[in-house]
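Values reported hereafter were calculated over all heavy atoms of this structure, with side chains retained and with hydrogens, waters and symmetry mates removed.
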Amino acid sequence: MENVKQAKVLVVDDESDMLTLLAKVLVKKGGYSVATATSAEEALERMRTDVPDAVLTDIKMPGMDGLALLQQMGSIDPAVTTILMTGYGTIEMAVQALKDGAYDFIEKPFDNERIIRTVGRAIERTRLLRENVQLQHRLSDQDQQHGFIGRSRQLVRTVELLRRIAASNVTVLIRCESGTGKELAARALHGLSPRAGRP
């Protein structure tokens with residue numbers, strides 16, 4: 001849980017008293033690192049230089065509102081989890097916010113404990129989404145090894161040998177014990193060769 005306490009939260013509200021209150025609650029009760037913004041435009045600027053783990057934003061603000069901010073943030077980091085808050089909530093607004101990708105919808109005045117719990121879950125969601133993206137990148141990197149999974153010296157040498165052989169126009173016999181990956185090696189050899197697009 002220690003690394004969650006180091007998480008960064010961006011709070012966006014055009015009311016300075018609300019910003020101060022939320023920042024104090026999140027720092028004192030949650031132990032989070034908190035940045036604040038008084039408008040959606042300022043929040044986007046902050047996100048471009050320092051992406052938070054969660055965003056807590058008001059919906060009704062002059063200029064760009066919280067729903068528009070939610071959509072814009074996705075282009076900076078789609079994994080960032082956003083909680084919307086408002087003093088003028090309706091069921092329809094809450095449903096629309098959730099459909100647009102908000103993690104949660106909180107009405108003002110709110111309970112401090114609920115804010116801390118909700119922000120904690122939002123940060124955990126962001127971290128899981130980011131880990132998932134990293135895992136997908138690692139798996140796609142392994143796909144570059146044409147189905148082989150691993151980083152051992154022998155495997156790297158085997159894949160390199162298959163690359164060199166694939167460029168030639170010779171018949172290849174692959175021999176080894178059952179279950180060691182002969183078919184995988186044959187498919188990799190074909191995939192690396194100039195004949196990859198043909199049977």
Worksheet item: Where is the tightest heavy-atom contact between Phe105 and Glu107, given as atom of each residue plus distance?
Response: CE2-CG, 4.1 Å

Worksheet item: With a 4.5 Å limit on heavy-atom distance, are the side chains of Arg157 and Leu161 in contact?
Response: no

Discussion item. Measuring only between side-chain heavy atoms, which start at C-beta, is Asn132 closer than 4.5 Å to Leu128?
Written reply: no

Worksheet item: Asp53 side chain to Lys8 main-chain N or O, any donor-acceptor pair under 3.5 Å?
Response: yes

Discussion item. Between Arg117 and Glu113, does any side-chain N to carboxylate O distance fall below 4.0 Å?
Written reply: no

Worksheet item: Do Leu70 and Thr57 pass the side chain to side chain contact (heavy atoms under 4.5 Å, CB included) test, and can you show the C-alpha distance, the side-chain angles, and the key distance before you say yes or no?
Response: CA-CA 9 Å; Leu70 173 66; Thr57 182; over 6 Å; no

Practice prompt. Assess whether atom CG of Asn169 is packed by more than 12 heavy atoms of other residues, nucleotides or ligands within 6.0 Å.
Written response: no

Worksheet item: For the residue pair Ala102 and Leu98, what are the closest heavy atoms and their distance?
Response: O-CD2, 3.4 Å

Worksheet item: Do Ile123 and Tyr32 pass the side chain to side chain contact (heavy atoms under 4.5 Å, CB included) test, and can you show the C-alpha distance, the side-chain angles, and the key distance before you say yes or no?
Response: CA-CA 10 Å; Ile123 288 167; Tyr32 302 115; 3.4 Å; yes

Worksheet item: Does Val11 reach the side chain of Met18, with side-chain heavy atoms less than 4.5 Å apart?
Response: no

Worksheet item: Passes side chain to side chain contact (heavy atoms under 4.5 Å, CB included), Arg46 versus Val12? Steps please.
Response: CA-CA 11 Å; Arg46 282 188 171 278; Val12 189; over 6 Å; no

Worksheet item: Closest approach of Asp65 and Met61, non-hydrogen atoms and distance?
Response: C-CE, 4.2 Å

Item to complete: Run the salt-bridge test on Glu124 and Arg121 with the 4.0 Å N-O cut-off and return the result as yes or no.
Response: no

Fill in: Where Arg130 and Ala79 come nearest, the two heavy atoms and their spacing
CG-CB, 3.7 Å

Practice prompt. Please report the closest heavy-atom contact between Val55 and Pro52, naming both atoms and the distance.
Written response: CG2-CG, 3.8 Å

Practice prompt. Looking only at non-hydrogen atoms, find the nearest pair between Tyr103 and Arg125 and report the distance.
Written response: CD1-CD, 3.4 Å

Worksheet item: Does Ala122 offer a backbone N or O that forms a donor-acceptor pair with the side chain of Thr126 under 3.5 Å?
Response: yes

Worksheet item: Within a radius of less than 6.0 Å around NZ of Lys28, do more than 12 heavy atoms belonging to other residues, nucleotides or ligands occur?
Response: no

Item to complete: State plainly whether one hydrophobic cluster holds both Ile116 and Leu19, where clusters connect Ile, Leu, Val, Met, Phe, Trp and Tyr through side-chain heavy atoms under 4.5 angstrom apart.
Response: yes

Discussion item. Tell me if a side-chain donor or acceptor on Glu41 pairs with a main-chain N or O of Met64 at a distance below 3.5 Å.
Written reply: yes

